[in-house]
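Worksheet: the structure to be examined is printed underneath.
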Amino acid sequence: MNKLCLLGLVVGLAFQPALAADVKSTTAQTKAAFISDLMKRMTVEEKIGQLRLISIGPEMTHEQIQDEMAAGRIGGTFNSVIRAENRPMQDAAVKRSRLKIPVFFAFDVIHGHRTAFPISLGLAASWDMAAIATSARVAAAEAASDSLDMTFGPMVDVSRDPRWGRTSEGFGEDPYLVSRIATVMVENLQGKDLAAKDKIMATMKHFAVYGAVEGGRDYNVVDMSMTRMYQDYLPPYRAAVDAGAGGVMIALNSINGVPATSNTWLMQDLLRKDWGFKGVTVSDHGAVLELIRHGVAKDGREAAKLAIKAGIDMSMNDKVYGKELPGLLKSGEVSQRDLDNAVREILGAKYDLGLFADPYRRIGQAADDPADTYAEERLSRAPAREVARKTLVLLKNQNQTLPLKKQGTIALVGPLADAPIDMLGSWSAAARSGQAVTLRAGLNNALGDKAQVLYAKGANVTDNPQILHFLANLGGDREEVEIDPRTPQQMIDEAVAAAGKADVIVAALGEARGMSHESASRTNLNIPEPQRALFDALKATGKPIVLVLMNGRPLTIAKELAGSDAVLETWFSGTEGGNAIADVLFGDYNPSGKLPVTFPRSVGQIPSYYNHLSVGRPVVPGEPTDYRSQYFDEENSPLFPFGFGLSYTDFSLSDLSLSSTTLKKGAKLQASIRVKNTGQRAGETVVQLYIRDVAASLARPVKELKNFRKLMLAPGEEQTVTFDIGENELKFFNAQLKAVAEPGEFKVQVGLDSQAVKEQSFELL
Ligand code: BGC
């Protein structure tokens, strides 16, 4: 056994119980000593090799990759998710390379792995931290059992612009909600012991402010005030760091003119010095060389120099560090220290992952490899269904159209009613569409022979050749969208005929999953045209319509909303989506989701978000409306506000009271409110606490979410919900970017969405 393995084993031994701080510092010292010993024995070439993160793809054969690993020229990989494929790579690294340094295997595990959970935006709509924790734990365990060590997630970019396709991948518009979720995701992906066999490292992304790309156009620039950045966009990244995320992926955008990839302030001052981040940074795909296109580097050499000096430890899927760093080190433009800093973090990540102690801890033994990677028994269907139903948001339910009875005839129409691939949502490459339960299957499972389902596709998801071309080329998978060769009219006729025979129409409309994805920005947020024509034809039948939306972002659905009797937002709900939606449609589960994003009335209202700053000429109900901050052709209010979502029961709020009308610095007061289930069935709702700082040194938002509680109430049951309010809830970043709570009046608002609230005020002394 060589010295390295021995040290690794010692490191792997469990410590005796001791004071936590002592254990921590001993562990840190052991780790530091281990890494520094190893680094002393590494050549410059081996060090540079560690900085290379390759995508497993057609560029190199497996043999070439293994040779590169044996030569110590690769630090980690992503995009290979099969144990039998990763094992020979690890063999090459730990059996053939000089220093036997293991490689790690990463993948985009974003919402589930083999089992797709709802897309992140859907998870956020649950406002249920236990459910989100479950999704992360299952994802980590499934990924780890596929030999993965690391995910490029969670994506915690706040976005206020639904034109941006990656809205689907994030947790919505609110810094507080996204921060809470960021914490839960990191804690449950990584667990208490990152070296555990069922845990993987979280690489939070995209640092920073990627969700604010101008015009919602992917990869575009971000230019924003520092106060807005600190107040509204940075908190979730900070929360992920505080939760112990082992990695950070640096964003593709520039920030106030400086690309994130070459941004020393971002990676050194903010991330490492201010926030104390101690893990590894990775560039986004090809981002180092993109510094040339950003116009801040004249060539690859300069790009490599800027990136490593600013703090990019690993460069994703290019060879630029390998090519340029030797010369840059020789000339002294990059110092040995710059290189060592990066190498130390990469080795540190491998150490924390337990790979030095056992490089095969997640790869396992060949004899234990699953005979079928996609085997049904490897899926976690029960938790996926349980979580998915919590993510569905009931937006309208006129005349109690829902829940549907399990009897009679249901016309199920729409291009998304039976499209398995779309159930999975984007970033679900390890999941199989063949294992996804569509809405059609879900209805049939729920109904058996109790009722009849007449299915008709009714329309293609889109007939626009430009969009079809875009979707077909996404990931090179031409089967993304199945196009029915019939004419639109033939398809509509079939759907209308089905509707004619039915008691109710369930219309599954929205986007193909590829429309809410990376590089999938839209200028128009309507349901695509052929589906709208289908909707109009269905409406003309006079039958009740239940609109089941499937989409990865808020859509502009004013017309369809008006024409529907009930509307259920289902996002892309994952492997068990169809069963989960059926659970809600038939009332086997009472919907409890709340929107984590504002739904605008029109694209012209974007950016649409509830926590906007106060203005000098607001529109105030009951006051004259001329020369006010408004559009003359559209009201200011959104179609659905942040935090909105109905239930099959009703809830009332009453008696908001504060324990005091004044608050001393350092003390806390309590806001209490009575919540009652006034309806006929048990249900969950989310009580939301908002605070408004009435007068401060800077204009402050009209309200900001500061806490929430999801609770289940039996019919007639009443509970008092109490929130603590202290300085933390009142702080904001002032003009000097200091977090301060300024004395004065604060309004406390509590509601079941962000708009219909009860209000009280107090004074901070
Ligand atoms: C995306 C990242 C992702 C990476 C690796 C990039 O195109 O921006 O979010 O983690 O690819 O798949």
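We number each residue from 1, following the sequence as shown.
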Is the Phe356 ring parallel, tilted or perpendicular to the Tyr351 ring (thresholds 30°, 60°)?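 Rings of Phe356 and Tyr351: tilted, 30 to 60°.
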In terms of ring plane angle, is the pair Tyr237 and Phe207 parallel, tilted or perpendicular, where the classes change at 30° and 60°? perpendicular
Are any side-chain N or O atoms of [X] and backbone N or O atoms of [Y], one a donor and one an acceptor, separated by less than 3.5 Å?
X      : Y      : result
Ser433 : Pro420 : no
Asp174 : Tyr176 : yes
Gln268 : Ala310 : yes
Ser516 : Ser168 : no
Arg389 : Tyr589 : no
Ser80  : Asn86  : no
Arg378 : Thr373 : yes
Thr134 : Ala130 : yes
Trp571 : Thr391 : yes
Glu576 : Val437 : no

Would you say the side chains of [X] and [Y] form a donor-acceptor pair under 3.5 Å?
X      : Y      : result
Glu142 : Ser380 : yes
Ser145 : Arg114 : no
Tyr233 : Asp157 : no

Closest heavy-atom pair and its distance - [X], [Y]:
X      : Y      : answer
Ala195 : Arg361 : O-NE, 2.9 Å
Asp313 : Ala342 : OD1-CA, 3.4 Å
Pro596 : Phe171 : CB-O, 3.9 Å
Ala260 : Ala251 : CB-O, 3.4 Å
Gly112 : Ala139 : CA-CB, 3.7 Å
Ile132 : Met185 : CG2-SD, 3.7 Å

Pairs involving residues 181-203, ordered by first then second residue, that meet side-chain hydrogen bond (donor to acceptor under 3.5 Å, both in side chains) (sequence neighbours left out): Arg137-Asn188
Arg73: which residues meet the salt bridge (charged side-chain N to carboxylate O under 4.0 Å, His left out) condition with it, sequence neighbours left out?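 So Arg73 forms a salt bridge (charged side-chain N to carboxylate O under 4.0 Å, His left out) with Glu45, Glu68.
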With a 4.5 Å heavy-atom cut-off, do [X] and [Y] have their side chains touching?
X      : Y      : result
Glu290 : Asp318 : no
Gln66  : Arg96  : yes
Ser179 : Arg238 : no

What's the verdict on side chain to side chain donor-acceptor pair (under 3.5 Å) for Ser428 and Arg513, showing C-alpha distance, side-chain angles and the deciding distance? CA-CA 10 Å; Ser428 52; Arg513 67 166 188 168; 3.2 Å; yes
Results of side chain to side chain donor-acceptor pair (under 3.5 Å) for Asp422 - residues two or more places apart only: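 Expected list: none.
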Not counting sequence neighbours, which residues clear side chain to side chain donor-acceptor pair (under 3.5 Å) with Gln336? List them please.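 Side chain to side chain donor-acceptor pair (under 3.5 Å) check on Gln336 returns Asp340.
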Point-to-point distance, once rounded to the nearest 0.5 Å, from [atom1] of [X] to [atom2] of [Y]:
X      : Y      : atom1 : atom2 : result
Thr575 : Leu379 : OG1   : CG    : 6.5 Å
Glu684 : Ser592 : CD    : OG    : 4.5 Å
Asn263 : Leu270 : CG    : CG    : 9.0 Å
Gln29  : Ser36  : CD    : OG    : 12.0 Å
Leu53  : Ile346 : CG    : CD1   : 9.0 Å
Leu99  : Met39  : CG    : CE    : 12.0 Å

Can you tell me which residue among Asn317, Thr77, Val81, Ile82 is in a side-chain contact (heavy atoms from CB on, under 4.5 Å) with Ile56? Thr77
Name the residue from Arg272, Met204, Met267 that meets the side-chain contact (heavy atoms from CB on, under 4.5 Å) definition with Val248.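 So the option named by the test is Met204.
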I'd like to know whether Arg362 forms a side chain to side chain contact (heavy atoms under 4.5 Å, CB included) with Phe104, so could you lay out the CA-CA distance, the side-chain angles of the two residues, the decisive distance to 0.1 Å, and finally the verdict. CA-CA 10 Å; Arg362 296 181 186 81; Phe104 67 74; over 6 Å; no
Before giving the answer on side chain to side chain contact (heavy atoms under 4.5 Å, CB included), spell out for Leu177 and Trp127 the whole-Å C-alpha distance, their side-chain angles and the decisive distance to 0.1 Å. CA-CA 8 Å; Leu177 180 60; Trp127 293 58; 3.8 Å; yes
Show your reasoning for whether salt bridge (charged side-chain N to carboxylate O under 4.0 Å, His left out) applies to Asp352 and Lys31. CA-CA 9 Å; Asp352 293 341; Lys31 173 179 165 184; 3.0 Å; yes
If we check salt bridge (charged side-chain N to carboxylate O under 4.0 Å, His left out) with Glu46, which of these qualifies: Arg98, Lys100, Lys40? Arg98
Can you check side chain to side chain contact (heavy atoms under 4.5 Å, CB included) on Met201 and Asp149, steps first, answer last? CA-CA 6 Å; Met201 182 176 278; Asp149 303 301; over 6 Å; no
Dump the intermediate steps for salt bridge (charged side-chain N to carboxylate O under 4.0 Å, His left out) on Asp108 and Lys205, then the final yes or no. CA-CA 11 Å; Asp108 290 275; Lys205 66 188 185 185; 3.1 Å; yes
Take atom CD in Glu376; do more than 12 heavy atoms of anything else shown fall under 6.0 Å from it? yes
Flag if over 12 foreign heavy atoms under 6.0 Å of CD, Glu63: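 No, the 6.0 Å shell around CD holds no more than 12 heavy atoms from other groups.
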Please test Asp583 against Arg385 for salt bridge (charged side-chain N to carboxylate O under 4.0 Å, His left out), starting from the C-alpha separation and ending with a verdict. CA-CA 9 Å; Asp583 286 340; Arg385 179 174 181 164; 2.9 Å; yes
Determine which pairs satisfy ring-ring contact (aromatic ring centres under 6.0 Å, His included) with at least one residue from residues 373-392, sequence neighbours left out, and list them in order.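 Pairs touching residues 373-392 that pass the test: none.
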Can you pull the salt bridge (Lys or Arg N to Asp or Glu O under 4.0 Å) pairs that have at least one residue in residues 77-88, sequence neighbours excluded?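 Listed by first then second residue: Arg83-Asp369, Arg87-Asp369.
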Is there a side chain to side chain contact (heavy atoms under 4.5 Å, CB included) between Ile363 and Phe105? Walk through the geometry before answering. CA-CA 10 Å; Ile363 296 172; Phe105 302 95; 3.8 Å; yes
